Undergrad: 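This is the structure I want to talk about, given as structure tokens.
These figures come from a predicted structure and were not determined experimentally. Along the sequence shown, residues are numbered consecutively beginning with 1.
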Amino acid sequence: ASDNQGTGHEVGLGMDLNNRWAVFFNLGQGYVYRLDSSGTDRRNNLALGVSYSQRDMTKGIPLEGRLGYERQEDRGQSLRDQQRIQLELKSQSSGDTTWFTNLNWSEGINRATGLVDLRNNRFDLGFAYRPVLNDQLNMIVKYTWLDDQQPLNQSGITGLEQEKAQVVAV
């Protein structure tokens with residue numbers, strides 16, 4: 001459950017440039033109200049990105065990808081600038097195998113102190129083998145690197161303020 005509520009407006013525009021490329025743009029503004037009456041923040045946000053999709057195996061190796069950038073500014077009770085970059089790629093090297101990766105990099109800078117007080121970084125790399133002619137065999141291998149740090153004035157559902165991990169799953 002969140003200890004915040006908000007009101008605001010957002011305008012978005014997306015467009016297919018051709019049958020493979022698309023772009024998007026979002027701009028928003030609003031207010032975040034803390035339920036404990038500790039303050040209000042004015043929030044501005046901007047998001048933009050590009051995506052690519054080539055699914056026809058007769059035209060080469062199928063590839064799908066997305067690159068996005070977001071910026072958020074909070075002014076009021078908290079003075080924080082947050083940036084996020086997201087990269088997703090998925091490729092099917094044959095009818096049976098798929099490679100995928102995901103990178104999320106985000107940090108928040110407290111404008112009052114100049115220090116990074118929020119991180120949300122994750123990298124995934126995986127491989128899936130699902131043979132079309134043998135429906136009884138499915139295998140997924142995935143590596144995840146995680147580096148999260150919540151703001152000092154916020155604790156998560158688990159009560160953790162910082163989490164670092166490297167996980168390999170089969």
Side-chain angles (χ1 to χ4, degrees), residues 1-4 10 12-17 20-28 32 43-57 59-74 78-111 113-132 137-170:
S2 175
D3 58 353
N4 297 326
E10 185 169 274
L13 176 65
M15 183 174 116
D16 290 339
L17 299 176
R20 293 187 181 177
W21 290 94
V23 294
F24 69 90
F25 172 82
N26 289 329
L27 188 62
V32 178
R43 177 170 289 169
N44 297 314
N45 64 295
L46 164 75
L48 49 101
V50 61
S51 64
Y52 176 84
S53 179
Q54 192 283 108
R55 296 182 184 170
D56 188 353
M57 290 190 79
K59 296 182 181 178
I61 297 174
L63 176 67
E64 295 180 36
R66 179 182 186 273
L67 176 64
Y69 172 79
E70 296 177 33
R71 179 169 175 84
Q72 177 178 299
E73 297 176 346
D74 287 350
S78 66
L79 299 169
R80 179 179 298 117
D81 291 345
Q82 185 174 349
Q83 298 182 73
R84 178 175 181 224
I85 295 173
Q86 182 178 15
L87 173 66
E88 299 172 9
L89 291 172
K90 184 172 98 172
S91 177
Q92 196 170 1
S93 57
S94 73
D96 298 339
T97 59
T98 302
W99 290 91
F100 56 92
T101 187
N102 185 16
L103 172 67
N104 284 311
W105 176 85
S106 177
E107 76 173 14
I109 298 175
N110 183 318
R111 300 310 296 170
T113 64
L115 299 175
V116 174
D117 71 348
L118 165 70
R119 277 192 324 266
N120 185 354
N121 301 320
R122 179 179 180 141
F123 171 71
D124 297 314
L125 178 63
F127 168 80
Y129 180 67
R130 297 179 178 131
V132 175
L137 176 65
N138 289 302
M139 180 177 68
I140 298 176
V141 178
K142 182 179 173 184
Y143 167 78
T144 299
W145 171 82
L146 181 67
D147 178 20
D148 282 343
Q149 175 186 327
Q150 295 187 27
L152 298 176
N153 63 351
Q154 178 183 348
S155 61
I157 297 171
T158 61
L160 297 174
E161 293 179 359
Q162 188 167 357
E163 181 180 10
K164 293 186 179 196
Q166 293 189 53
V167 180
V168 176
V170 180

Undergrad: Go through the steps to decide whether W99 and Q92 satisfy the test side-chain contact (heavy atoms from CB on, under 4.5 Å), and finish with yes or no.
TA: CA-CA 6 Å; W99 290 91; Q92 196 170 1; over 6 Å; no
Undergrad: Within this structure, what is the CG-CG distance for the pair N26 and L46, rounded to the nearest 0.5 Å?
TA: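 One gets 8.5 Å once the value is rounded to the nearest 0.5 Å.
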Undergrad: Could you tell me if Y69 and Q86 have a donor-acceptor pair between their side chains, going purely by distance under 3.5 Å?
TA: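 Side chains of Q86 and Y69: no pair found under 3.5 Å.
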Undergrad: So which atom in S91 and which in P62 form the shortest heavy-atom distance, rounded to 0.1 Å?
TA: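 Here S91 and P62 meet closest at OG-O, 3.1 Å.
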Undergrad: Would you find a donor on one side and an acceptor on the other, under 3.5 Å apart, between the side chain of S53 and the backbone of R20?
TA: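 Judged by distance alone, no pair lies under 3.5 Å.
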Undergrad: Got a second to check how far N120's CG is from E107's CD, nearest 0.5 Å?
TA: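 It is 11.5 Å, given to the nearest 0.5 Å.
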Undergrad: Could you grab the distance from atom CD1 of I140 to atom OG1 of T98, nearest 0.5 Å is fine?
TA: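 Answer rounded to 0.5 Å: 9.0 Å.
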Undergrad: Report yes if the side chains of M15 and L17 come closer than 4.5 Å at any heavy-atom pair, otherwise no.
TA: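 Of all side-chain heavy-atom pairs linking L17 with M15, at least one is under 4.5 Å.
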Undergrad: With sequence neighbours left out, what residues match Y129 under side-chain hydrogen bond (donor to acceptor under 3.5 Å, both in side chains)?
TA: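 If we apply the side-chain hydrogen bond (donor to acceptor under 3.5 Å, both in side chains) test to Y129, skipping adjacent residues, there are no hits.
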Undergrad: Enumerate, atom names and distances included, each donor-acceptor pair closer than 3.5 Å involving a side-chain atom of residues 121-128, sequence neighbours excluded.
TA:
{"unit_1": "N121", "atom_1": "OD1", "unit_2": "S106", "atom_2": "N", "d": "3.0"}
{"unit_1": "R122", "atom_1": "NE", "unit_2": "D124", "atom_2": "OD1", "d": "3.2"}
{"unit_1": "R122", "atom_1": "NE", "unit_2": "D124", "atom_2": "OD2", "d": "3.1"}
{"unit_1": "D124", "atom_1": "OD1", "unit_2": "T144", "atom_2": "OG1", "d": "2.7"}

Undergrad: Got a sec, which pairs hit salt bridge (charged side-chain N to carboxylate O under 4.0 Å, His left out) with one end in residues 140-150, sequence neighbours left out?
TA: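 Qualifying pairs, neighbours excluded: R119-D147.
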Undergrad: What residues, two or more places apart in sequence or in another chain, satisfy ring-ring contact (aromatic ring centres under 6.0 Å, His included) together with W105?
TA: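 W105: no ring-ring contact (aromatic ring centres under 6.0 Å, His included) contacts found.
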Undergrad: Filter on salt bridge (charged side-chain N to carboxylate O under 4.0 Å, His left out), then keep only pairs touching residues 83-105, sequence neighbours left out; what's left?
TA: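 Sorted result for residues 83-105: E70-R84.
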Undergrad: Atom CG in N102, atom CG in L87: separation rounded to 0.5 Å?
TA: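 One gets 7.5 Å once the value is rounded to the nearest 0.5 Å.
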Undergrad: With sequence neighbours left out, what residues match D74 under salt bridge (charged side-chain N to carboxylate O under 4.0 Å, His left out)?
TA: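 Once residues adjacent in sequence are excluded, the partners of D74 under the salt bridge (charged side-chain N to carboxylate O under 4.0 Å, His left out) criterion are R43.
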Undergrad: For A165, give me all partners under side chain to side chain contact (heavy atoms under 4.5 Å, CB included), at least two apart in sequence or on another chain.
TA: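 Applying side chain to side chain contact (heavy atoms under 4.5 Å, CB included) to A165 gives L146, V167.
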Undergrad: Applying side-chain hydrogen bond (donor to acceptor under 3.5 Å, both in side chains), can you list everything that pairs with N45, at least two apart in sequence or on another chain?
TA: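 Applying side-chain hydrogen bond (donor to acceptor under 3.5 Å, both in side chains) to N45 gives E10.
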Undergrad: Taking R80's backbone N and O only, do any of them form a donor-acceptor pair with S78's side chain (distance below 3.5 Å, no angle check)?
TA: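 Not confirmed, S78 side chain does not pair with R80 backbone.
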Undergrad: Taking salt bridge (charged side-chain N to carboxylate O under 4.0 Å, His left out) as the test, write out the residues that go with R71, two or more places apart.
TA: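 Only E73, D81 meet the salt bridge (charged side-chain N to carboxylate O under 4.0 Å, His left out) criterion with R71.
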Undergrad: Of all the heavy-atom pairs spanning V50 and W21, show the shortest one and how long it is.
TA: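 Shortest heavy-atom separation between V50 and W21 comes out as CG2-CE3, 3.6 Å.
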Undergrad: Under the rule for salt bridge (charged side-chain N to carboxylate O under 4.0 Å, His left out), what residues qualify as partners of E64, not counting sequence neighbours?
TA: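 Counting only residues at least two positions away or on another chain, E64 forms a salt bridge (charged side-chain N to carboxylate O under 4.0 Å, His left out) with R55.
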